[in-house]
Amino acid sequence: MTDAALPLQPDAASAERPRTQSTLTRVVHYTGLRMIAMFVTIMIGVYLTILIANMGGHVDKIRKGYIREQVAISVGFDEEFKNMNSEERRAHIDKLVALQENRMGLDQPFLLRSFRFLWGAMILDLGWADNMSSDSGSRMVRNIILERLPATLLLFSTSFLLNFIVGIFVSLYLSRNYGSRLDRVIVGLAPTSAAPSWFYGLFFILLFAALLGWFPFGGLVSAPPPESIINYALSVLNHMVLPVIAIFFSSIFLGIYGQRTFFLIFSHEDYVDMARAKGLSDRVVERRYIMRPTLPTIVTSLALSIIALWFGSIVLETIFNWPGLGRLLYLASNIFETSVIVGSTVVYAYLLGITVFFLDIVYALIDPRVKVGGNQGGQA
């Protein structure tokens, strides 16, 4: 019997290798298709943003009028210009305006420039800003955006982690103590999440900054900035407290209510009762049989909430004078800085696309029913 079974072992090993290679090929194929789909979707959204930001080319007319006005003002101080007759003055102004429009690319059709601008936007090669600059003095759009990106990521990643950790632990506690006083309080506070984060921001500024003076009104760091790295970090943390709390209160109660509801639903499943009957501890039952099935839904809701927070960052960062992408987009919109508007939108689109992409990967890791790249029933 033993000798007859030995020849089967190489066959089993050789069968396992194609299976592993097939799984790897399927994962690579699926990942590639998802990345291509994400890139195409982002490209379409960015191009629509270009059309909207330029009002279908109408902003070009505004910029041309602004160029002509600035040229007329500048040449008015030239002594040689004053000695010209009206025809010569008009020709001189037209020549300077044409040179300026050529330098800015406004002498080309908008449709042609929109596609060039689209490719430049996708690689963040957006040229130079007309009326804005970074804190270091650079007028390059890429530098302006990348200088503001870390502040936004710092603020919202901190808020996301805080909401995730607090939400999970409090939801589990409430599911164990269903109907308790704290459970009723959380359920009663859930509708308060309907208010946006900037609404809480205004309230917290009035209470903790204006009346109590515990925290600064806004900004990233105190002025002048501390020279010590430790003091600088402490100053940044002090300025982050109010905006982080505003984001936290705008979503935490509704998130806890939803997660606690899912935990309650799965805690009454038959397989959970079976696990408890086997003598497994409550902690093991929660981790394996309650949290695991609910994680896909929880991760989805958290990902959608962070996406909503990004799009709400414009008002929030403006209220707290937080030097992030949201405030940059607000300032750029006020002065028709199209390149900065499109660049900021591209960054938000990439963040959104990356979030959705990793969400698919996380599904495959936390949900055993999901098989990446599969095409059979029960597979994604």
**Request:** Using a cut-off of 6.0 Å, state whether more than 12 heavy atoms not belonging to I230 lie near its atom CD1.
**Result:** no
**Request:** Return yes when atom CZ of F253 has more than 12 non-hydrogen atoms of other residues, nucleotides or ligands closer than 6.0 Å, and no otherwise.
**Result:** yes
**Complete:** Between the OG1 atom in T318 and the CG atom in L329, the distance rounded to the nearest 0.5 Å is 9.0 Å
**Request:** Not counting sequence neighbours, list each pair that qualifies as a salt bridge (charged side-chain N to carboxylate O under 4.0 Å, His left out) and has a residue in residues 179-191.
**Result:** D183-R260
**Complete:** Note: N163 and I247 closest approach over all heavy atoms is ND2-O, 4.2 Å
**Asked** Are any side-chain N or O atoms of Q259 and backbone N or O atoms of S171, one a donor and one an acceptor, separated by less than 3.5 Å?
**Response** no
**Prompt:** What distance separates L153 CG from R148 CZ, expressed to the nearest 0.5 Å?
**Reply:** 14.0 Å
**Prompt:** Once you round to the nearest 0.5 Å, how far does CG of L242 lie from CG of L202?
**Reply:** 11.5 Å
**Request:** Report yes or no: do L174 and L254 belong to one cluster of Ile/Leu/Val/Met/Phe/Trp/Tyr joined by side chain heavy-atom distances under 4.5 Å?
**Result:** no
**Asked** Can you name the nearest heavy-atom pair linking A332 to V340, along with the distance?
**Response** CB-CG1, 3.7 Å
**Message:** Working to the nearest 0.5 angstrom, can you tell me the gap between L220 CG and L154 CG?
**Reply:** 7.5 Å
**Prompt:** Looking at CD1 of I205 and CG of L211, how far apart are the two atoms once the value is rounded to the nearest 0.5 Å?
**Reply:** 12.0 Å
**Request:** Determine the minimum heavy-atom distance between R327 and E317, stating which atoms define it.
**Result:** N-OE1, 3.0 Å
**Prompt:** With a 4.5 Å limit on heavy-atom distance, are the side chains of N238 and P216 in contact?
**Reply:** yes
**Criterion side chain to side chain contact (heavy atoms under 4.5 Å, CB included) on F320 and W198, from CA distance to verdict** = CA-CA 9 Å; F320 284 100; W198 59 264; over 6 Å; no
**Asked** Is N177 reaching over with its side chain to a backbone N or O of Y173, donor-acceptor style, under 3.5 angstrom?
**Response** yes
**Prompt:** Honestly curious: do F169 and V185 fall in one hydrophobic cluster under the side-chain, below-4.5 Å linking rule?
**Reply:** yes
**Item:** Side-chain donor or acceptor of W322 paired with backbone N/O of A151 under 3.5 Å
**Value:** yes
**Asked** Nearest 0.5 Å, what's the CG-CZ distance between L149 and R142?
**Response** 13.5 Å
**Prompt:** Is Y257 linked to Y178 within one hydrophobic cluster, defined over Ile, Leu, Val, Met, Phe, Trp and Tyr using a side-chain heavy-atom separation of less than 4.5 Å?
**Reply:** no
**Request:** Just do the side chain to side chain contact (heavy atoms under 4.5 Å, CB included) check on N231 and E227 with the steps written out, would you?
**Result:** CA-CA 7 Å; N231 291 334; E227 297 180 0; over 6 Å; no
**Message:** Tell me whether S235 contacts the main-chain N or O of S222 through its side chain, where contact means a donor paired with an acceptor under 3.5 Å.
**Reply:** yes
**Message:** Under a 3.5 Å distance rule, please check whether T152 uses its side chain to pair with a backbone N or O of L325 as donor and acceptor.
**Reply:** yes
**Request:** Scan F249, F199, F215, F217 and name whichever one has a ring-ring contact (aromatic ring centres under 6.0 Å, His included) with F204.
**Result:** F249
**Asked** Is there a path from F208 to I245 through hydrophobic residues (I, L, V, M, F, W, Y) whose side chains come within less than 4.5 Å of each other?
**Response** yes
**Prompt:** Under 6.0 Å between the ring centres of F248 and Y200?
**Reply:** no
**Message:** Hydrophobic clusters here meaning ILVMFWY residues chained together by side-chain heavy-atom distances under 4.5 Å, can you tell me if I229 and V221 are in one?
**Reply:** no
